[in-house]
Amino acid sequence: MIILAIETSCDDTCIAIIKTEGKKKPKFKILSNLVSSQVKLHAKYGGVYPTLAKREHQKNLPLILKKALRQAQGKPIDLIAVTIGHGLDPCLWAGLNFAKDLAGKFKKPLIPVNHIEAHILANLIDRDEISTKFLAVALVVSGGHTGLFLMKGIGQYKLIGETRDDAAGECFDKAARILGLGYPGGPIISKLAIDQGSASIKLPRPMIHQKNYDFSFSGLKTAILYDFKSRSPKVRKSKKYIKEMAAEIQQAIIDVLIKKTIKAARDYRAKAIILGGGVVANNELRKQFRKQDVKVYAPDIKYCTDNAAMIGVTAYFQYLQGRYPKNWQRIAVSANLRI
Ligand code: KG4
Ligand code: ZN
């Protein structure tokens, strides 16, 4: 089966064409996986400007589709998949309307996909060692979401904890803005955080000792702001301060994410931890998670940040399980969609 997948929930315009093989233990061949980043456009705002992002998606989608179809060598499309949430409302509509036009044109089913589930199932791309029936704890950490899920199998997720304020990626982004480093903050901070373990700055690890599985990152952001403001203009601009700060911000976020996820895995006797979302592109986070005493899965780095291949893979499982509405004309987006 050939699936055409579309993802426009935030500032990346993504189209993928994937080929599926098998039903019991499906494998996926990625024929095309294109991501057109709007980072430069939004950098001056220090975050994503939704109506501008929507216009860019509308402009980019037809161009990227042409390229994707060329890369897939004109293979006939059997199914169309599109992200309907969560995300930025105008951006989601740009993708959904484009997908509906295509579903009409190709006369093929359209499957609406949950972006968070797709970040989890990104682990099944280019891998076959993950069984599809297991008890796992999934941590999704992105720019818009931080959530812990108990996963009994594909399509069976129970939210057990989430952020009470900012998402982990959002904290990286806001911290970078405070330090005047640009957008998106995660990759910039992780590059600067090479001297891990410098102890001169100590930031809080919010909620780390609480018994629940929830997170809070806005207090960390405030602590970063206070520390920055307390320094002289000379120190604020110094490489030493910025590097130490970057290392401490990264470590504070990693400490909380690992502690809470490991606690959940132990409490629920999970067989594995499954990571997903843009923050999982962080090498130090991956490294420190892998040192833990539990089996940890993380997608290939290129499938951590937003992409449409993960949307196609998720849609295929929904298709196999019959988890999609038959009347696609009535599908709408849901900016706050949960799983
Ligand atoms: O999943 P994603 O591409 O988009 C959303 O669904 O939000 O995640 C984007 C987030 C941004 O906040 C970005 O700063 C963060 O992922 N990110 C990283 C890294 N690469 C991207 N955070 C930490 N380290 C990275 N290497
Ligand atoms: Zn995402």
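Note that the numbering runs from 1 along the sequence shown for the chain. Order of appearance sets the numbers: ligands from 1, and atoms from 1 within every ligand. Excluded from the calculations below are hydrogen atoms, water molecules and symmetry mates; all remaining heavy atoms, backbone and side chain alike, are included.
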(request) Test the Lys237-Tyr241 pair against the cation-pi criterion, namely NZ or CZ under 6.0 angstrom from the six-membered ring centroid and within 45° of the ring axis. (result) no

(message) So, applying side-chain hydrogen bond (donor to acceptor under 3.5 Å, both in side chains) with Asn282, which one of Lys287, Gln250, Gln288 is it?
(response) Gln250

(message) Can you report which non-hydrogen protein atom sits closest to atom 3 (O) of ligand 1, along with the distance?
(response) Asp306 N, 2.9 Å

(request) Specify side chain, backbone, both or neither for His115, according to which of its non-hydrogen atoms lie closer than 4.0 Å to ligand 1. (result) side chain

(request) Check each atom of ligand 1 against the heavy atoms of Ala281 and keep those under 4.0 Å away; list them by number with element. (result) 20 (N), 26 (N)

(request) Starting from atom 21 (C) of ligand 1, locate the nearest protein heavy atom and write down its residue, its atom name and how far away it is, to 0.1 Å. (result) Gly278 O, 3.4 Å

(message) Is it true that, when you exclude Lys100 itself, more than 12 heavy atoms of the residues, nucleotides or ligands shown sit nearer than 6.0 Å to its NZ?
(response) yes

(request) Enumerate the atoms of ligand 1 whose separation from the nearest heavy atom of Gly144 is less than 4.0 angstrom. (result) 7 (O)

(request) Considering heavy atoms of the protein only, find what lies nearest to atom 14 (O) of ligand 1 and give residue, atom and distance to 0.1 Å. (result) Asp173 OD1, 2.7 Å

(message) Quick one about Ser9 and Glu7 (side-chain donor to acceptor, distance below 3.5 Å, no hydrogens or angles considered), yes or no?
(response) yes

(message) Among all protein heavy atoms in this structure, tell me which lies nearest to atom 10 (C) of ligand 1, with the distance rounded to 0.1 Å.
(response) Gly143 N, 3.4 Å

(request) For ligand 1, find out whether one of its N or O atoms is nearer than 3.5 Å to an N or O atom of Thr305. (result) no

(request) Give a yes or no answer on whether the side chain of Thr83 reaches the backbone of Gly85 with a donor-acceptor pair at less than 3.5 Å. (result) no

(message) Is the terminal nitrogen or CZ of Lys174 (NZ for Lys, CZ for Arg) located under 6.0 angstrom from the six-membered ring centre of Phe172 and within 45° of that ring's axis?
(response) no

(request) Take every heavy atom of Ser190, measure it against each atom of ligand 1, and state whether any distance is under 4.0 Å. (result) yes

(request) Could you tell me the residue and atom name of the protein heavy atom closest to atom 22 (N) of ligand 1, and the distance to it rounded to 0.1 Å? (result) Gly186 CA, 3.2 Å

(message) Taking the basic N atoms (NZ, or NE/NH1/NH2) and the acidic carboxylate oxygens, is any pair closer than 4.0 Å for Lys263 and Asp267?
(response) yes

(message) Between the Zn ion (ligand 2) and His115, which N, O or S atom of the residue is the nearest one?
(response) NE2

(request) Return yes when His119 approaches ligand 1 closer than 4.0 angstrom through a heavy atom, no otherwise. (result) yes

(request) State whether Lys202 and Glu244 are salt-bridged, where the test is any N-O pair (Lys NZ or Arg NE/NH1/NH2 against Asp/Glu carboxylate O) under 4.0 Å. (result) no

(request) Return the name of the atom in Asp306, of element N, O or S, nearest to the Zn ion (ligand 2). (result) OD1

(request) Tell me which part of Pro187 gets within contact of ligand 1: side chain, backbone, both or neither, using heavy atoms under 4.0 Å. (result) both

(request) Apply the side-chain contact (heavy atoms from CB on, under 4.5 Å) test between Lys259 and each candidate in Met207, Arg205, His209; give the one that qualifies. (result) His209

(message) Report whether any nitrogen, oxygen or sulfur of Cys10 sits less than 2.8 Å from the Zn ion (ligand 2) (N, O or S, backbone or side chain).
(response) no

(message) If the test is side-chain contact (heavy atoms from CB on, under 4.5 Å), which one of Ile116, Ile274, Ile160 qualifies with Phe149?
(response) Ile116

(message) Using a 3.5 Å cut-off on N or O atoms only, is Asn282 in polar contact with ligand 1?
(response) yes

(message) Could you check whether Asp227 pairs with Arg231 (Lys NZ or Arg NE/NH1/NH2 to Asp/Glu carboxylate O, under 4.0 Å)?
(response) yes

(request) Return a yes/no value for Gly169: is any of its N or O atoms, backbone included, closer than 3.5 angstrom to an N or O of ligand 1? (result) yes

